[in-house]
A.B. asks: 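Sharing a structure below in structure tokens format, with a few things to ask.
For clarity, every value in this text was computed on a predicted model and none was experimentally measured.
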Amino acid sequence: MRVSRIAIYALLLLVLVAGIGSWQYRQKYIYRQLEKIEELLQHQADSAWHVLTQMEHTDRLYGRNRALYSLLYTQACYKNYIPVEGDSLIRFAVEYYSDTADSLRKSKSCFYMAQVCRDRYDRHRALDYFQKAGSAAKGCSEYKFLSLLYYHWGCLLQDEKPYTLALNKMELSCQYAVQNRDTAMIISVLGEMGWGYLSNGDYQLASEKLEKAISYAENIGGKQLGWLNHCYSVLCWKIHKYEKALELADRSLAFWKDSVFRKTVFALKGDIYLDLQQVDSARLYIEKGRNDADFRKKAAYALSMCELEKRLGHYEDALRFHELYACSVDSLMKKEETNRLGELQQKYDYSLMQNENGRLKAKEQRMKILVLVVALVAIALLFVFYGIYNRYKQKKEYELQRNKQEILEKEAVWKERFFHMNEVIRHIENICELPALQKDKKASQIRLSAMEIEQFLSAVNACYNQFAYRLQKEYPVLSKTDVCICCLLKVGIRNQDICYLLGLMDEAFKKRKYRIKHDKLKLDIALEDFLKSY
């Protein structure tokens with residue numbers, strides 16, 4: 001019976017060990033499979049995506065397997081241009097790798113979290129995660145990822161318009177792309193840098209970067225060259241090289257069959273012809289570049305047409321297009337453009353009022369003079385009221401400061417009285433007033449008990465802004481006796497009296513005081529001076 005029971009226990013233990021071993025083997029097998037998918041993702045993102053979607057029971061993954069799957073799945077989505085619904089999946093990777101030594105995966109998880117936040121228009125969090133990704137990536141040698149990280153980081157900063165910071169990130173991205181010999185990435189980074197310098201008004205550097213990017217792109221071809229020619233065309237338009245701008249715009253059109261991008265180029269050509277005073281060609285290309293599906297392009301179209309109609313003197317049409325522009329931009333843009341809208345309204349009204357009689361003109365002039373006088377009076381009254389208010393405010397601040405000082409002085413007097421009313425304090429003061437012979441005779445009676453020390457420290461805390469508590473908290477190496485010595489020195493008790501109160505010999509007290517100053521507090525000034533000001 002006993003042997004059979006032992007056999008059953010042994011069998012159960014064997015089954016348990018086998019189960020744990022099987023589970024660990026399964027976890028290791030899944031992790032090796034995920035590592036193979038990670039390698040596949042570097043070169044064949046679509047195949048890696050297909051394998052990840054075919055994995056079964058992904059909701060049962062645990063620990064590092066779950067973190068790595070979350071990272072790879074999000075990475076595969078971005079590489080295959082598949083929208084990511086939210087940050088619930090990549091969050092597992094961020095939380096797991098934040099406490100590990102795997103700096104590369106930690107950086108990647110933060111990078112893709114930043115991408116998700118950026119796509120959800122949470123730019124503040126996106127910049128925060130880009131910062132974390134950059135910090136974690138220090139020391140990494142995967143230049144392809146580092147180039148991608150600083151490129152997207154720079155693009156986001158460029159959208160927020162701190163161009164100097166954005167261009168610094170772009171420079172780092174370009175350096176890593178050169179080290180990785182990634183020509184396509186070099187072209188993208190140089191193009192974005194050129195656009196950044198162009199937006200910042202540094203046309204010389206913008207020209208250098210764009211020319212360099214175009215020289216690289218001409219060797220490999222592709223749509224990048226069309227985009228670069230478009231950027232260079234914008235630059236030439238900005239610096240008034242209109243013929244060169246039109247030539248580059250036509251080159252850009254040759255690389256693009258996409259109707260959306262072609263409309264952008266057409267709109268640019270319309271603006272160029274508008275600057276050249278060729279209004280018919282300008283109208284043709286502005287209309288061809290019209291794109292009502294895009295918010296910003298619709299606003300740009302309306303603004304260009306407004307400028308065209310204004311130059312032709314058609315103020316009513318110009319007003320209509322400007323109203324369309326004002327409806328297309330955000331609230332800030334609307335506020336900034338209010339004055340221009342008012343100017344167009346005034347010009348249109350003036351064109352209608354040219355046929356009216358002189359009486360109305362005289363009335364309008366009188367109204368303007370009246371408005372000017374009222375405005376001047378209002379400004380003068382504003383300055384007067386501001387001066388009165390400023391004097392009243394200064395008087396109140398002075399009275400408040402004076403009352404505060406009086407309260408502090410009264411509080412100090414009250415604390416001093418309260419301190420000296422304490423029984424332990426009075427007991428200590430009476431001891432200090434005794435002659436030296438009586439102190440020697442009553443040495444054992446004079447020494448403070450543990451309870452008296454506690455009461456003394458409580459009184460010091462109450463009257464000196466928690467002095468003992470703050471000292472013990474900031475310098476935990478101090479013993480209770482050390483703190484008591486510091487408190488006695490704080491309230492002005494002489495060294496010899498401290499020896500009587502704590503039952504210390506002169507030499508022992510000097511050594512303890514030396515250790516407090518040099519070993520524990522590490523002071524360069526006198527201990528008493530430090531304690532008085534603490």
Side-chain angles (χ1 to χ4, degrees), residues 122-125 127-128 131 157 159-166 168 200-201 326 329-343 345-346 364-422 425 456-475 483 486-493 521-534:
D122 192 349
R123 301 197 172 201
H124 180 74
R125 286 183 63 212
L127 288 172
D128 184 41
Q131 182 68 47
L157 287 170
D159 291 341
E160 295 298 308
K161 299 181 182 178
Y163 293 113
T164 303
L165 292 176
N168 289 338
N200 201 31
V329 297
D330 56 23
S331 58
L332 180 62
M333 293 291 291
K334 289 180 181 179
K335 184 177 180 180
E336 293 175 349
E337 292 297 324
T338 301
N339 293 333
R340 290 192 63 190
L341 183 61
E343 290 174 3
Q345 181 68 56
Q346 289 177 3
E364 182 181 0
Q365 290 176 356
R366 288 195 298 270
M367 288 297 298
K368 288 182 178 180
I369 293 172
L370 180 60
V371 169
L372 180 60
V373 171
V374 171
L376 292 174
V377 172
I379 292 172
L381 290 174
L382 182 63
F383 276 106
V384 171
F385 285 128
Y386 177 76
I388 295 172
Y389 169 76
N390 196 27
R391 290 182 60 185
Y392 174 77
K393 184 178 178 181
Q394 290 177 356
K395 183 179 178 180
K396 284 293 183 182
E397 289 179 353
Y398 174 75
E399 291 178 356
L400 182 63
Q401 188 67 24
R402 187 177 61 182
N403 293 337
K404 185 177 179 181
Q405 186 64 29
E406 290 177 356
I407 292 171
L408 291 175
E409 290 175 357
K410 290 180 180 179
E411 184 180 359
V413 172
W414 175 83
K415 285 185 176 180
E416 186 70 20
R417 291 178 181 175
F418 175 78
F419 183 72
H420 290 289
M421 289 172 61
N422 187 279
I425 302 302
F456 171 69
L457 294 178
S458 298
V460 171
N461 280 330
C463 297
Y464 289 94
N465 192 23
Q466 299 293 319
F467 173 80
Y469 174 76
R470 290 187 290 110
L471 191 65
Q472 182 71 65
K473 185 176 181 181
E474 186 171 354
Y475 301 98
V483 174
C486 292
C487 290
L488 289 168
L489 291 171
K490 172 76 174 178
V491 299
I493 305 300
L521 299 183
K522 302 184 184 302
L523 300 176
D524 296 329
I525 61 174
L527 179 60
E528 289 80 358
D529 295 338
F530 170 75
L531 295 174
K532 286 180 181 179
S533 61
Y534 185 77

A.B. asks: Which pair of non-hydrogen atoms, one from Lys532 and one from Lys490, has the smallest distance, and what is that distance?
C.D. replies: O-NZ, 3.1 Å
A.B. asks: Tell me, please, which residues at least two apart from Leu381 pass side-chain contact (heavy atoms from CB on, under 4.5 Å).
C.D. replies: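 side-chain contact (heavy atoms from CB on, under 4.5 Å) check on Leu381 returns Val377, Phe385.
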A.B. asks: Checking Asn461 now: which residues fulfil side-chain contact (heavy atoms from CB on, under 4.5 Å) with it, not counting sequence neighbours?
C.D. replies: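 Here the qualifying residues are Gln466, Ala468, Tyr469.
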A.B. asks: Looking at His124, is its backbone amide N or carbonyl O close enough to the side chain of Asp128 to form a donor-acceptor pair, meaning the two atoms are under 3.5 Å apart?
C.D. replies: no
A.B. asks: I'd like to check the side-chain contact (heavy atoms from CB on, under 4.5 Å) partners of Lys522; sequence neighbours left out, ordered by chain and number.
C.D. replies: none
A.B. asks: Taking side-chain contact (heavy atoms from CB on, under 4.5 Å) as the test, write out the residues that go with Arg125, two or more places apart.
C.D. replies: Asp87, Arg91, Met113, Cys117, Asp122, Tyr129
A.B. asks: At what distance, to the nearest 0.5 angstrom, does CG of Asp529 lie from CG of Leu489?
C.D. replies: 11.0 Å
A.B. asks: Quick one: list whatever passes ring-ring contact (aromatic ring centres under 6.0 Å, His included) with Phe530, sequence neighbours left out.
C.D. replies: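 Tyr534.
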A.B. asks: Using the salt bridge (Lys or Arg N to Asp or Glu O under 4.0 Å) criterion, which residues pair with Arg470? Sequence neighbours excluded.
C.D. replies: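 So Arg470 forms no salt bridge (Lys or Arg N to Asp or Glu O under 4.0 Å) with any residue.
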A.B. asks: Where do Asn390 and Gln394 land on the side-chain contact (heavy atoms from CB on, under 4.5 Å) test, with the steps shown first?
C.D. replies: CA-CA 6 Å; Asn390 196 27; Gln394 290 177 356; 3.7 Å; yes
A.B. asks: If you compare all heavy atoms of Cys486 against all heavy atoms of Leu531, which two are closest, and at what distance to 0.1 Å?
C.D. replies: O-CD1, 3.5 Å
A.B. asks: Could you tell me whether Asp524 atom CG has more than 12 heavy atoms of other residues or ligands within 6.0 Å of it?
C.D. replies: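 Open.
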